[in-house]
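By convention in this document, chain letters (A, B, ...) are assigned in the order of the sequence lines, proteins followed by strands, and residues within each chain are numbered from 1. Just so we're clear, the structure is a prediction, and the values are computed from it rather than from any experiment.
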Number of protein chains: 2
Amino acid sequence: MNNSGRRWQRRSYHHGNLKEVLLEAARKLIQEHGAFGFSLTEAARLAGVSPAAPYRHFRDRDALLAEIARSGFERFAARLDAAWNNGIPTPLSAFEALGRAYLTFAREEPASYAVMFETGASAESGGEAIQAAASSPAAEKAFNVLQQAAAALCRQLPETERPPLKLVALHIWTMSHGVASLFIQEGSAAKKVPLSPEEVLESEMLIYLKGLGVLPEATDGVVSTEQA
Amino acid sequence: MNNSGRRWQRRSYHHGNLKEVLLEAARKLIQEHGAFGFSLTEAARLAGVSPAAPYRHFRDRDALLAEIARSGFERFAARLDAAWNNGIPTPLSAFEALGRAYLTFAREEPASYAVMFETGASAESGGEAIQAAASSPAAEKAFNVLQQAAAALCRQLPETERPPLKLVALHIWTMSHGVASLFIQEGSAAKKVPLSPEEVLESEMLIYLKGLGVLPEATDGVVSTEQA
DNA sequence: TGTTCATGTAAACGGCTATTACATAAAAGC
DNA sequence: GCTTTTATGTAATAGCCGTTTACATGAACA
């Protein structure tokens, strides 16, 4: 009695790949119905198994979300790291690529991104598993990429004018997250804004970098009136 | 008020103030159990009424959240407006107050803030009511305060170097939201960071303003090495 | 006083999370 | 190969929640 038009062909009584399929289904549902309006039962339905089956792979609903967050942070870190590419060819161009990679991830995996960062809506007392994921090694690795970039940029400054690296990294993070959170999650806010998230973030970063003092004069004009 | 031990003493069969009490209870529960882990039934319990009672005041759960968002935006706009205070005594000091007011609101009303801005986690296809609140007049008024501030700051620049106002306003918004979202919602991310959200945002804004070119030289040192 | 309307309750339905007891088949030991 | 063990599925169930419907209460008003 196994499947006809189902999403994941059931070979036998045992599924064979249920865990990953459940994660995939959950990400899809989160994208559709919202990050915390998703239903474990519905994910099971999508995978073609009974509502109790997921509990063989995840302790509870929260554990599944935590796994989405954890694996999300891993891909996130990898993407950022690849984009930064050790600051090659130049710290500045690599930095730009880093910002774009950040936004790209948020756009391509909105479900993961929401679970990773919009945990304030989900938890505080509850949702400890997700919190744990947010301080997982993968999450730390992602932040380290930002910190590396900050370090490379600051290295161009005379030591006496160098702000704390962690602080600069946090600035970069808050700008990126601010843009991603406000502009990418559909419907959140700025829909009338005719600018792409990339344009907003890039211009913001340019002004910030100019303020830091790590911007060559050539790019001076970029941040001034182009669109009046 | 006329209570004894209960949260809201019932004078009679009719409650008299149920709508507001439900909103209050919901905000409390959201703060405790997470923005979307809250239960309408439990809010009703807190208010001392039956689970069906809320439906006399809100079409459904979403409508209650939308009302929290809407009223939240109103208080938010009022706070920002008061802090900005028309740029008095100086645009720069008023701007600093504005940033602090932003963070203060997020800290004092984390439930409201989460519902107002972390809608990506809640909705997209669903939760249209909340989306509507995010483009309500109140929300627009809040953004207008930011835009006023941006305008006042940019007025100090020669016209040829003036970036588009909306863009600067968006930059301010993304920085503020980034800090609020990452640092204020408990447990979200930076717990090991020994800096207050205010310190992060203020230093970030200073560098940004310096990049914009609207910072007097006196404050130059503030953004450089203080803590190594 | 009697009627109307706003606002409450009770009871019920279906969906969800999670648990428990049981079923099935793949792997491991003999 | 046959049996035992273990991993992974199902069925049935309990309890909570959202929401609806029919009914109850009492305040406002004619």
5'-most by nearest nucleotide on DNA chain C - A:E42 or A:R59 = A:E42

Mapping B:L18 and A:L40 to their closest nucleotides on DNA chain C, which lands nearer the 5' end?
-> B:L18

Below 4.0 angstrom from OP1 or OP2 of [N], is there any side-chain N or O of [X]?
| X | N | answer |
| --- | --- | --- |
| A:R56 | D:dG9 | no |
| A:S50 | D:dA11 | no |
| B:S39 | D:dG18 | yes |
| B:H57 | C:dA6 | no |

What about the rings of B:F105 and B:F76, do their centers lie closer together than 6.0 Å?
-> yes

When B:E109, B:E32, B:E20 are each screened for salt bridge (charged side-chain N to carboxylate O under 4.0 Å, His left out) with B:R27, the one that passes is B:E20

Have a look at A:P51 and say if it touches a base, only the backbone sugar-phosphate, or nothing, with a 4.0 Å heavy-atom cut-off.
-> nothing

Rounded interatomic separation in angstrom, taking [atom1] from [X] and [atom2] from [N]:
| X | N | atom1 | atom2 | value |
| --- | --- | --- | --- | --- |
| B:E20 | C:dT7 | CD | P | 14 Å |
| B:L29 | D:dC17 | CG | P | 10 Å |
| A:N17 | C:dA26 | CG | P | 15 Å |
| B:Y55 | D:dC17 | OH | P | 11 Å |
| A:L65 | C:dA18 | CG | P | 10 Å |
| A:L46 | C:dC16 | CG | P | 12 Å |
| B:K19 | C:dT7 | NZ | P | 10 Å |
| B:L64 | D:dT19 | CG | P | 10 Å |

Only counting residues at least two apart or in another chain, list the ones meeting side-chain contact (heavy atoms from CB on, under 4.5 Å) with A:P197.
-> A:L103, A:R107, A:V179, A:F183, A:I184

Between B:F73 and B:F117, what is the ring plane arrangement, given parallel below 30°, perpendicular above 60°, and tilted in between?
-> perpendicular

Taking atom types as modelled, find out whether A:S39 and A:E42 have a side-chain donor-acceptor pair closer than 3.5 angstrom.
-> no

For the side chain of A:D60, counting heavy atoms from C-beta on, which of C:dT19, D:dG18, C:dA18 is nearest?
-> C:dA18

Shortest side-chain distance from B:A52, nucleotide among C:dT20, D:dG18, C:dA11 = C:dA11

